[in-house]
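For reference, the structure discussed in these notes is given below.
This one's a predicted model, so the numbers in the text were calculated from it and none came from an experiment.
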Amino acid sequence: MPLLQVEKLSKSFGGLLATANVNMDFNQGDLVGLIGPNGAGKTTLFNMLTGVYTPTSGKIIFNGKSVVGLKPYEITKRGMARTFQNIRLFSEFSALDNIKVALNFSCKQTLPEAMLRVGRYYEDERRITARAEHYLDIFELSHRRDDYAKNLSYGEQRRLEIARAMATEPKLLLLDEPAAGMNPQETAQLTEMLRWIREEYHLTILLIEHDMHLVMSLCEKIYVLEYGRMIAVGTPDEIKANERVIAAYLGEG
């Protein structure tokens, strides 16, 4: 059974049809790209997968179970995590605390224990701090451990957001334009990092990206949206040679 199955997924906003009858499926360990011109419906699709929007119609089967109608935190608990096109860190929190927030789901302490700092509070704090530092180390942010997120460089903020998503221990990681705003060196580092975490954590990754060099060099399967409809799916070589995809990006004639 595929890890994710999307069947005839549609979303309307009033009279505007943002996505129409979208179908997707991929397996555990796949590295998949989702591309298309601006306004094609890519982020709307991400928002439906993660519970931000409820589909107007269609199915989303994740790990064998429907997630339609679930709240975002419920979907996260089932093993789906994401980043956003616009970075959404807690700017006044340290890099460490941004990741610790994502680890709260694994806390065993009760609310009174947390408020009074008794019982399992200190055990949880030690375990969560060690786990957060592990992800800071993986994403080469250990030296910024105690710095406010707002004081990190743009590329560091992007890495911190991915690290925070990874801390939820997902089966499927959705990345919305992870290389946006990065320079070529940062993009190359991100590409290698995504390859590594896919192999190290047996992770499935679905990413939206406008950097075609990154998509073509990283992804094994690519879906293409145009005006909310899926117009192509295939390998990077198949997508590069697809005349409809070329027309969608460059125009016809």
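Linking Ile, Leu, Val, Met, Phe, Trp and Tyr residues whenever their side-chain heavy atoms come within less than 4.5 Å leaves Ile61 and Leu70 in two separate clusters. No path of Ile, Leu, Val, Met, Phe, Trp and Tyr side chains, each step under 4.5 Å between heavy atoms, connects Phe26 with Ile231, placing them in separate hydrophobic clusters. Note on Val233 and Met48: same hydrophobic cluster, where clusters join Ile, Leu, Val, Met, Phe, Trp and Tyr whose side-chain heavy atoms are under 4.5 Å apart, directly or indirectly. Under the 4.5 Å side-chain heavy-atom criterion for Ile, Leu, Val, Met, Phe, Trp and Tyr, Leu173 and Ile60 are members of distinct hydrophobic clusters. Both Met80 and Leu206 are members of a single hydrophobic cluster when ILVMFWY side chains are connected at heavy-atom separations under 4.5 Å.
Here the side chains of Ile75 and Leu49 are not in contact, with every heavy-atom distance at 4.5 Å or above. Counting heavy atoms from C-beta on, the side chains of Leu34 and Leu174 never come closer than 4.5 Å. Considering only heavy atoms from C-beta on, Thr191 stays 4.5 Å or farther from His213 through its side chain. Asp97 has its side chain out of reach of Phe90: every pair of non-hydrogen atoms, C-beta onward, lies at least 4.5 Å apart. Using a 4.5 Å cut-off on side-chain heavy atoms (C-beta onward), Lys150 and Leu89 make no contact. With a 4.5 Å cut-off on side-chain heavy atoms, Asn23 and Lys8 count as touching.
Within the 3.5 Å criterion, the main-chain N or O of Ala165 finds no donor-acceptor partner in the side chain of Arg82. Although no hydrogens or angles enter the test, the distance criterion places a donor-acceptor pair under 3.5 Å between the side chain of Lys42 and the main chain of Pro37. Between the side chain of Thr83 and the backbone N or O of Ile162, no donor-acceptor pair lies under 3.5 Å. At least one donor-acceptor pair closer than 3.5 Å links the side chain of Asn183 to the backbone N or O of Glu186. Judged purely by atom type and a 3.5 angstrom limit, Asp25 has no side-chain atom pairing as donor or acceptor with the backbone of Leu4. Between the side chain of Gln28 and the main chain of Lys171, no donor-acceptor pair closer than 3.5 Å is present. Although no hydrogens or angles enter the test, the distance criterion places a donor-acceptor pair under 3.5 Å between the side chain of Ser10 and the main chain of Asn21. For Arg164 (side chain) and Val101 (main-chain N/O), no donor-acceptor pair under 3.5 Å exists by modelled atom type. Under the 3.5 Å distance criterion, the side-chain polar atoms of Glu209 are matched with a main-chain donor or acceptor of Ala179. Put simply, the side chain of Ser94 never gets that close to the backbone of Asp147: no donor and acceptor are under 3.5 Å apart.
Note that the CZ atom of Arg158 and the CD atom of Glu177 stand 7.5 Å from one another [nearest 0.5 Å]. Taking CD1 from Ile87 and CG from Asp176, the interatomic distance works out to 11.5 Å, rounded to the nearest 0.5 Å. Here the CZ atom belonging to Phe46 is positioned 7.0 Å from the CG atom belonging to Leu175, to the nearest 0.5 angstrom. Note that CD1 of Ile239 is 10.5 Å distant from NZ of Lys221, once rounded to the nearest 0.5 Å. The distance from atom NZ of Lys71 to atom OG1 of Thr50, rounded to the nearest 0.5 Å, is 13.5 Å. With rounding to the nearest 0.5 Å, the separation of CD in Glu156 from CZ in Arg159 is 5.5 Å.
Sorted by first then second residue, the ring-ring contact (aromatic ring centres under 6.0 Å, His included) pairs that include residues 138-166, not counting sequence neighbours, number zero.
Closest approach of Val68 to Pro55, counting heavy atoms only: CG1-CD, 4.1 Å.
More than 12 heavy-atom neighbours from other residues, nucleotides or ligands sit within 6.0 angstrom of CZ on Arg198. Counting heavy-atom neighbours within 6.0 Å of Arg195 CZ, excluding the residue itself, gives a total above 12.
Residues meeting the side chain to side chain donor-acceptor pair (under 3.5 Å) test with Tyr201, sequence neighbours left out: His134. Applying the side-chain contact (heavy atoms from CB on, under 4.5 Å) rule to Glu133 yields the partners Leu96, Thr129, Arg145; only residues at least two apart in sequence or on another chain are considered. In this structure Tyr227 satisfies the ring pair (Phe, Tyr, Trp, His ring centres under 6.0 Å) test with no other residue, sequence neighbours excluded. Every residue was checked against the salt bridge (charged side-chain N to carboxylate O under 4.0 Å, His left out) condition with Glu200, not counting sequence neighbours, and none meets it. Partners of Tyr53 by ring pair (Phe, Tyr, Trp, His ring centres under 6.0 Å), not counting sequence neighbours, listed by chain and number: Phe13.
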Can you list the steps and then say if Glu74 with Lys77 is a salt bridge (Lys or Arg N to Asp or Glu O under 4.0 Å)?
-> CA-CA 5 Å; Glu74 293 173 321; Lys77 284 185 175 181; over 6 Å; no

